[in-house]
Protein chains: 2
Amino acid sequence: MSGSQPKTLSRIQREKRSAIKQAALDVFSIYGLRGATLDKIAQAAGLTKPNILYYYASKDDIYFDLLNGLLDDWVAPLRKILKTGDPLHEILNYMRAKLAMSREKPRESKLFATEILHGAPLTQDVLSTSLKEILDEKVAIIEFWIAEGRLAPVNGYHLFFSIWSMTQHYADFDVQVKALLQGAQA
Amino acid sequence: MSGSQPKTLSRIQREKRSAIKQAALDVFSIYGLRGATLDKIAQAAGLTKPNILYYYASKDDIYFDLLNGLLDDWVAPLRKILKTGDPLHEILNYMRAKLAMSREKPRESKLFATEILHGAPLTQDVLSTSLKEILDEKVAIIEFWIAEGRLAPVNGYHLFFSIWSMTQHYADFDVQVKALLQGAQA
DNA sequence: TAAAAAGTGGTCCAAATGGTCAAAAATTTA
DNA sequence: TAAATTTTTGACCATTTGGACCACTTTTTA
């Protein structure tokens with residue numbers, strides 16, 4: 001983690017750090033930052049605790065690294081919304097991408113949700129800078145479509161909030177969804 | 001807390017237990033079950049740690065008591081949906097009630113969200129029994145309205161999931177909402 | 001293949017934390 | 001007001017946990 005590390009990580013470094021992140025994702029998404037222990041992560045990764053601390057300076061450091069990678073994935077589908085596309089197609093496409101993410105990456109969604117829920121201690125500044133920047137841009141596209149009469153008037157920000165909440169709900173609250181759909185046709 | 005206690009709590013008992021629950025709500029909703037400490041709760045309640053443990057057997061016990069009361073509040077608006085009412089009015093009313101709850105009781109919403117997010121260790125059985133029971137009942141009302149042609153066809157379960165997710169989003173992810181709405185008209 | 005570098009893990013430590021306990025203080029009851 | 005009961009708290013304990021240390025092993029490099 002020190003500044004003097006070479007930019008190119010060795011094979012071992014890449015593998016081990018990846019294994020640690022995978023294990024940490026499992027553990028953090030279930031227990032949260034405080035509830036997760038280095039021992040649990042170490043066990044899940046098949047490594048010893050000191051060995052984990054050889055690759056990461058601290059538990060918080062793992063969490064931070066994990067969360068940073070997540071944000072990129074989370075924003076990726078948003079970037080694909082194009083002003084030149086058809087409004088309905090672009091929006092539906094985005095919704096499908098978000099829903100697919102919830103289905104395929106529930107742990108990531110939960111980890112992110114936990115972070116925000118607890119006040120986003122590590123990501124607050126990212127939210128209010130780079131995420132806000134790209135959201136503003138996409139909301140402008142929505143407003144452009146509305147101005148052109150190609151989309152019914154709607155508040156762009158709250159449109160995105162709605163999409164996020166509805167799609168992520170199925171990953172974040174899967175326990176509840178499953179409990180309530182028990183025996184019902186989905 | 002033992003079974004031999006009289007049903008009627010003394011004034012002091014009621015006041016202290018209430019103060020503890022208030023403080024615990026503050027602390028648990030921010031830090032989660034694991035992240036919250038008895039010391040933090042004690043400080044927030046203006047009591048000493050042993051004194052807290054005089055009224056509650058354990059930290060988990062406080063959490064459990066708190067969560068139980070919450071579930072009732074959470075379900076209350078759902079109970080008010082009447083088969084005999086006008087579909088649109090009943091549903092809009094419910095949405096408004098849920099949205100009001102998010103605005104007025106964000107801590108409660110967050111606490112509940114954290115619980116579910118972490119797998120609902122304490123509430124799983126309540127979810128799949130009493131909550132499921134009342135939801136099934138209300139979904140039947142939705143289906144009745146649809147059958148009568150008074151409501152467009154929609155899956156009742158997912159309709160409720162959508163309402164829950166969208167309304168609770170503003171409480172649970174308030175940090176994100178605020179960060180992104182900064183400088184924008186809500 | 002020898003030296004240097006990278007990687008590993010057993011052991012230990014200090015701080016945090018949930019919880020106990022007995023004695024003191026306050027309150028209620030007789 | 002004296003005895004009984006309830007409430008409060010300071011001191012203490014056991015466990016967990018993040019992290020440091022250092023000797024040892026493996027891998028890479030010259």
Side-chain angles (χ1 to χ4, degrees), chain A residues 1-28 30-67 114 118 121-122, chain B residues 1-28 30-67 114 118 121-122:
Chain A
M1 305 306 87
S2 81
S4 58
Q5 301 259 341
K7 312 102 196 96
T8 48
L9 300 173
S10 73
R11 177 187 52 85
I12 289 179
Q13 283 172 334
R14 258 181 289 113
E15 285 176 3
K16 291 293 165 68
R17 286 179 73 104
S18 168
I20 291 170
K21 276 161 83 169
Q22 274 301 312
L25 178 58
D26 274 335
V27 178
F28 279 135
I30 293 174
Y31 298 99
L33 173 55
R34 309 255 180 168
T37 66
L38 281 173
D39 278 321
K40 275 186 197 136
I41 297 172
Q43 197 187 345
L47 300 172
T48 62
K49 188 167 68 169
N51 199 4
I52 296 233
L53 289 170
Y54 175 75
Y55 290 100
Y56 282 95
S58 66
K59 187 173 84 162
D60 285 20
D61 206 45
I62 306 174
Y63 187 75
F64 189 72
D65 191 27
L66 204 50
L67 216 54
T114 306
H118 288 3
L122 295 180
Chain B
M1 312 316 86
S2 80
S4 58
Q5 301 262 336
K7 312 103 195 100
T8 47
L9 300 173
S10 73
R11 178 186 52 85
I12 289 180
Q13 284 171 335
R14 257 181 289 111
E15 284 177 5
K16 290 293 163 66
R17 286 181 73 104
S18 167
I20 291 170
K21 274 161 85 168
Q22 273 303 311
L25 178 57
D26 274 335
V27 177
F28 280 134
I30 294 173
Y31 299 98
L33 173 56
R34 309 254 181 172
T37 67
L38 281 173
D39 280 321
K40 276 186 196 135
I41 297 172
Q43 197 186 348
L47 299 172
T48 61
K49 188 168 65 171
N51 201 4
I52 294 221
L53 290 170
Y54 174 74
Y55 290 101
Y56 283 95
S58 66
K59 188 173 83 162
D60 286 20
D61 206 44
I62 306 174
Y63 187 75
F64 190 72
D65 190 27
L66 204 51
L67 216 55
T114 307
H118 288 3
L122 295 180

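Just so we're on the same page: letters track the sequence lines, and every chain starts at 1.
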Shortest non-hydrogen separation from [X] to [Y] and the atoms involved:
X	Y	answer
B:R34	B:K59	O-NZ, 3.8 Å
B:A24	B:I62	CB-CG2, 3.5 Å
A:A36	A:V27	CB-CG1, 3.5 Å
A:I41	A:F28	CD1-CZ, 3.9 Å

Just the rounded figure in Å: distance from [atom2] of [N] to [atom1] of [X].
X	N	atom1	atom2	answer
A:K59	C:dA16	NZ	P	14 Å
A:K16	C:dG9	NZ	C1'	12 Å
B:I52	C:dG18	CD1	P	11 Å
B:Y56	C:dG18	OH	P	17 Å
A:L53	D:dG19	CG	C1'	6 Å
B:L47	D:dT6	CG	P	19 Å
B:E15	D:dT8	CD	C1'	15 Å
A:D61	D:dA20	CG	P	12 Å

C:dG7 OP1/OP2 closer than 4.0 Å to side-chain N/O of A:N51 =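 Answer no for this pair, as no side-chain N or O of A:N51 is under 4.0 Å from OP1 or OP2.
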Please list every donor-acceptor pair under 3.5 Å in which a side-chain atom of residues 43-50 of chain B meets a protein atom from a residue at least two apart or in another chain.
| residue | atom | partner | partner atom | Å |
| --- | --- | --- | --- | --- |
| B:T48 | OG1 | B:N51 | N | 3.4 |

Would you compute the distance between atom [atom1] of [X] and atom [atom2] of [Y] and round it to the nearest 0.5 angstrom?
X	Y	atom1	atom2	result
A:E15	A:I20	CD	CD1	12.0 Å
A:Y55	A:D61	OH	CG	15.0 Å
A:L122	A:L66	CG	CG	11.0 Å

Closest-nucleotide ordering on DNA chain C, the 5'-leading residue of A:R34 and A:T48 =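 It is A:T48, whose closest nucleotide lies nearer the 5' terminus.
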inquiry  = Which residues pass the salt bridge (charged side-chain N to carboxylate O under 4.0 Å, His left out) test with B:D65, not counting sequence neighbours?
reply    =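 For B:D65, the residues satisfying salt bridge (charged side-chain N to carboxylate O under 4.0 Å, His left out) (neighbours in sequence not counted) are B:R17, B:K21.
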key: Residues within residues 36-44 of chain B bordering DNA chain D, heavy-atom distance below 4.0 Å   =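 Contacting residues: none.
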message = So, using ring-ring contact (aromatic ring centres under 6.0 Å, His included) as the criterion, who are the partners of A:Y31 when residues are at least two apart?
response =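 Here no residue qualifies.
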inquiry  = Walk me through whether B:Q22 and B:D26 qualify under side-chain contact (heavy atoms from CB on, under 4.5 Å).
reply    = CA-CA 7 Å; B:Q22 273 303 311; B:D26 274 335; 5.5 Å; no
Find every protein N or O atom lying less than 3.5 Å from an N or O atom of nucleotides 4-6 of chain C, and list the pairs.
none

Table of protein N/O atoms under 3.5 Å from nucleotides 11-14 of chain D N/O atoms:
none

